[in-house]
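A short worksheet on the structure shown next.
Nothing fancy with the numbering, it's 1 onward along the sequence.
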Amino acid sequence: MIEWVSLSTGARPVPRPVATSLVWAAAFGGALVLVALLNTLVGTDKPGLALVALSLLAALLGLCARFTAAPGTAVLCWLFLNGFAIPPAGTLTWAGHRDTFWLSCLLAAALVGTALARLVHARAAYRRITEGVVAAEPGDGPRYF
C-alpha cells in the first residue's frame, strides 16, 4: 500500500555550502567566460567594468560557498582580470595600489556574498523554529504544539 507523506513536514536543515573545489572551478570557468565576453563586446580598455562584473561573479559564487573559498575565488577572478582584461593581454603584472585594490574588492565581494547567504539561512532557520512556539499569556511562558 502507498502512504502519502508531505515532504514539508518536520524541520528542514540549513543548506550545506558547496564544496570549495567546485566553487573554484565555477570561478575559473565563469571568470574566463566573463572576461572573454567583455573583451569581445567592450574591449580591454575598461578594466573598471571588468572589475565590477567579476566582483558580481565573486559575490554570486559566495552565496553558495564556505568562507574558506573566498580568498581562492578572489585570486582566480583577479588572475583573469589582470591577465586578460587589461593590456597587454596574457601577461600578469603587479601594479601595487591598483592590484591591491582589485584583490580587496574581489575578496570583499566574495565575503559579502557568503555572509549574506549565512544570514538569510540563519533567519529562515530561526523562523522555522519559532513557528512552533506560541505564548498564551504574558506570564504563562511558551507552549509547544
Do Thr73 and Phe28 touch side chain to side chain, with heavy atoms closer than 4.5 Å?
no
With Asp99 via side chain to side chain donor-acceptor pair (under 3.5 Å) - residues at least two apart:
Trp78
Yes or no on side chain to side chain contact (heavy atoms under 4.5 Å, CB included) for Leu61 and Val18, after CA distance, side-chain angles and deciding distance?
CA-CA 10 Å; Leu61 290 172; Val18 177; over 6 Å; no
Can you tell if the side chain of Thr114 reaches within under 4.5 Å of the side chain of Leu63, non-hydrogen atoms only?
no
Measure the shortest side-chain to side-chain distance between Thr93 and Arg98 over non-hydrogen atoms and say whether it is less than 4.5 angstrom.
yes
With a cut-off of 6.0 Å (strictly less than), are more than 12 heavy atoms of other residues, nucleotides or ligands near CZ of Phe67?
yes
Do Phe101 and Leu56 share a hydrophobic cluster (ILVMFWY, side-chain heavy atoms under 4.5 Å, transitive)?
no
When clusters are formed by joining ILVMFWY residues with side-chain heavy atoms under 4.5 Å apart, either directly or through shared neighbours, do Val112 and Leu119 land in the same one?
no
Verify side chain to side chain contact (heavy atoms under 4.5 Å, CB included) between Thr20 and Thr68, making sure each step is shown before the conclusion.
CA-CA 8 Å; Thr20 302; Thr68 56; 3.9 Å; yes
Side chains of Thr91 and Pro88, heavy atoms from C-beta outward: is any pair under 4.5 Å?
yes
Quick check on the hydrophobic clustering: are Leu107 and Leu51 connected, directly or via other members, by side-chain heavy-atom contacts under 4.5 Å?
no
Are side-chain heavy atoms of Leu106 and Leu57 found at a separation under 4.5 Å?
no
With rounding to the nearest 0.5 angstrom, report the CG to CG distance, Leu32 to Leu79.
12.0 Å
Under the 3.5 angstrom rule, does the side chain of Trp24 hit a backbone N or O of Ala69 as a donor-acceptor pair?
yes
Transitive ILVMFWY side-chain link Val33 to Val52, under 4.5 Å
no
With side chains defined as the heavy atoms from C-beta onward, is the minimum distance between Trp102 and Pro47 less than 4.5 Å?
yes
Examine Leu60 and Val75 and state if one hydrophobic cluster contains both, with Ile, Leu, Val, Met, Phe, Trp and Tyr joined whenever side-chain heavy atoms are less than 4.5 Å apart.
no
